[in-house]
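Heads up, the thing below is written out as structure tokens.
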Amino acid sequence: MSRTVGVLALQGAFAAHSAVLRSLGIDTVEVRTAEQLACVDALVLPGGESTTMSMLLERFGVLEPLRSRIHDDRLPVLGTCAGLILLADEILDGRADQHCLKALPLSARRNGYGRQLASFETDLDIIGLDAPFHGIFIRAPIVERIGDAVEVLAEVDGQPVLCRYEGVTVASFHPELAGDARLHRQWLSDAGLITG
Amino acid sequence: MTETNRATGSPLVKRGLAEMLKGGVIMDVVNPEQARVAEDAGAVAVMALERVPSDIRKDGGVSRMSDPEMISGIQATVSIPVMAKARIGHFAEAQILQALDVDYIDESEVLTPADETHHIDKWAFDVPFVCGATNLGEALRRISEGACMIRSKGEAGTGNVVEAVRHIRSIVGDIKKIGQADEAELFEWAKQLRAPLPLVQEIAETGELPVPLFCAGGLSTPADASLVMQLGAQAVFVGSGIFKSDEPAKMAAAIVEAATHYQDPDILVKVSTGLGDAMKGLEIATLETKLAERGW
């Protein structure tokens, strides 16, 4: 049976993620509703505005189904930037009404590095990849706390920027903008959706 | 431990923020209270300005960059990106906005132009710029000056979407035609568009504008957002359309929802219902000043 990877397409850099997944030969669908969510074997939560995504998840009845797929079905998920914030179990400097999916024990501070002028790019050494990966950080969150079972795959100045926990991978940067599919491949491989 | 070598203000970093705004709504606000309403409704960013375009149109006079105090007040109120407008060619206003740490600068025809020949050299800034365009040539000239996002100009402050549709159709239509042109024809395209050849060649190769393409100018309903996004806009700016409507909070939330579900008429029925009156619009033919004609 062919496997399908969804990209949460409420808002943000979803098209760039879809393009990377397609370049790896993966069947990809955009997810905006609970019906679409029910049909995917894994899900990417892209960058964008986490506050906007949180509201849209709630208003269109996708929040609880997504929680259930992550916790009950163990849906493999990849969260980048805003996606990391949504998957965290604690959000600092967020809105009081902002939801978090608690997919892994991790606290994320929104815009932790500062406003756009503090956005940056830098090369990252990533566990599992044999050559550096170009990290693009846009008004990125800072990971301030992780649980013992969370594996840190990359750091910037001693702070985790790429973490793995069971089927969940989160990055505070944007692998979908790097023109490099290695991180997506590693996540798909962890989830058993691609070989190699 | 050595500090990581970080590059800031690079083209990738500047264009990256525009990528994050795709599928969203950027709302004009004139004070922190409106910014709060916009964020509560799900705006992906706010545009801080002194008067919304429909009031600029009504009041006349010279319109300039906003008071820094007002911009700081909005930055302190919301956590989403805050953009602000500088006059066309007014690089000193842009320097001030960059020093204020705004997230994006709109070099905007809605304000009174400060230079009749030169746009701002946007490569000289670390903060990214968005610029308006009425056609592909204008868009590529702005990109060659360093713009990281293009928006249609539309006709701001009218509540009339017809000009925005004209501009988006023109830009997207020419991108499609360039995609089918052969190598020799690209030289002629560059000449006709008065645009740099390498940018025209890039479009021929990728089939896309080199930076994100958003829509602005006269949008005032969820259906307007759906229309321009189906025509190829990747996000929308809404100015007077929200805070000149009967129920701004409802209208703002509805346009946010329409930007996500722009291809789903059943959802658009729901989000378009019970919004009260949209802003009263203006017929383009009766306008004394066409803002879209500012800039070149």
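Here is the naming used below: chain letters follow the sequence lines, and residue numbers restart at 1 for every chain.
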Nearest-0.5 Å distance, CG of residue A/L117 to CG of residue B/D103: 7.5 Å
Should [X] and [Y] count as side-chain neighbours, where that means a heavy-atom distance under 4.5 Å?
X      : Y      : answer
A/R32  : B/Q263 : yes
A/Q11  : B/K22  : no
B/D126 : A/Q116 : no
B/V271 : A/F60  : yes
A/R139 : B/M20  : no
A/R95  : B/D40  : yes

Please classify the contact between [X] and chain B as side chain, backbone, both or neither, with a heavy-atom cut-off of under 4.5 Å.
X      : result
A/L177 : both
A/F173 : neither
A/A15  : neither
A/R115 : both
A/T51  : side chain
A/L56  : side chain

Where on [X] is there a heavy atom nearer than 4.5 Å to chain A: the side chain, the backbone, both, or neither?
X      : value
B/Q234 : neither
B/V25  : neither
B/A253 : both

If you count heavy-atom pairs within less than 4.5 Å of chain A, which of [options] leads?
options                        : answer
B/A259, B/G42, B/A18           : B/G42
B/G23, B/A7, B/P128            : B/A7
B/V102, B/V127, B/V256, B/D101 : B/D101

Are any of the side-chain nitrogens in B/R6 or A/D123 under 4.0 Å away from the carboxylate oxygens of its partner?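 The answer is no: the pair does not qualify as a salt bridge.
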Using a cut-off of 6.0 Å, state whether more than 12 heavy atoms not belonging to B/F91 lie near its atom CZ.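 No - once you tally the heavy atoms of other residues, nucleotides and ligands closer than 6.0 Å, there are 12 at most.
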Would you check, one step at a time, whether the test side chain to side chain contact (heavy atoms under 4.5 Å, CB included) holds for A/I138 with B/E19? CA-CA 10 Å; A/I138 309 291; B/E19 293 290 329; over 6 Å; no
Is the side chain of B/T8 donor-acceptor paired with the backbone N or O of A/F120 at a distance under 3.5 Å, no angle test? no
Side-chain (A/S119) to main-chain (B/V13) donor-acceptor, under 3.5 angstrom: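 A pair under 3.5 Å: no.
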What's the shortest heavy-atom distance between A/E49 and B/P81, and which atoms?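 Scanning both residues completely, I find the closest heavy atoms to be OE2-CD, 3.3 Å.
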B/L12 to A/I136 - nearest heavy-atom pair and separation: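 Shortest heavy-atom contact: CD2-CD1, 3.4 Å.
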Would you say the side-chain atoms of A/R110 and B/S79 include a donor-acceptor pair closer than 3.5 Å?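 Side chains of A/R110 and B/S79: pair found under 3.5 Å.
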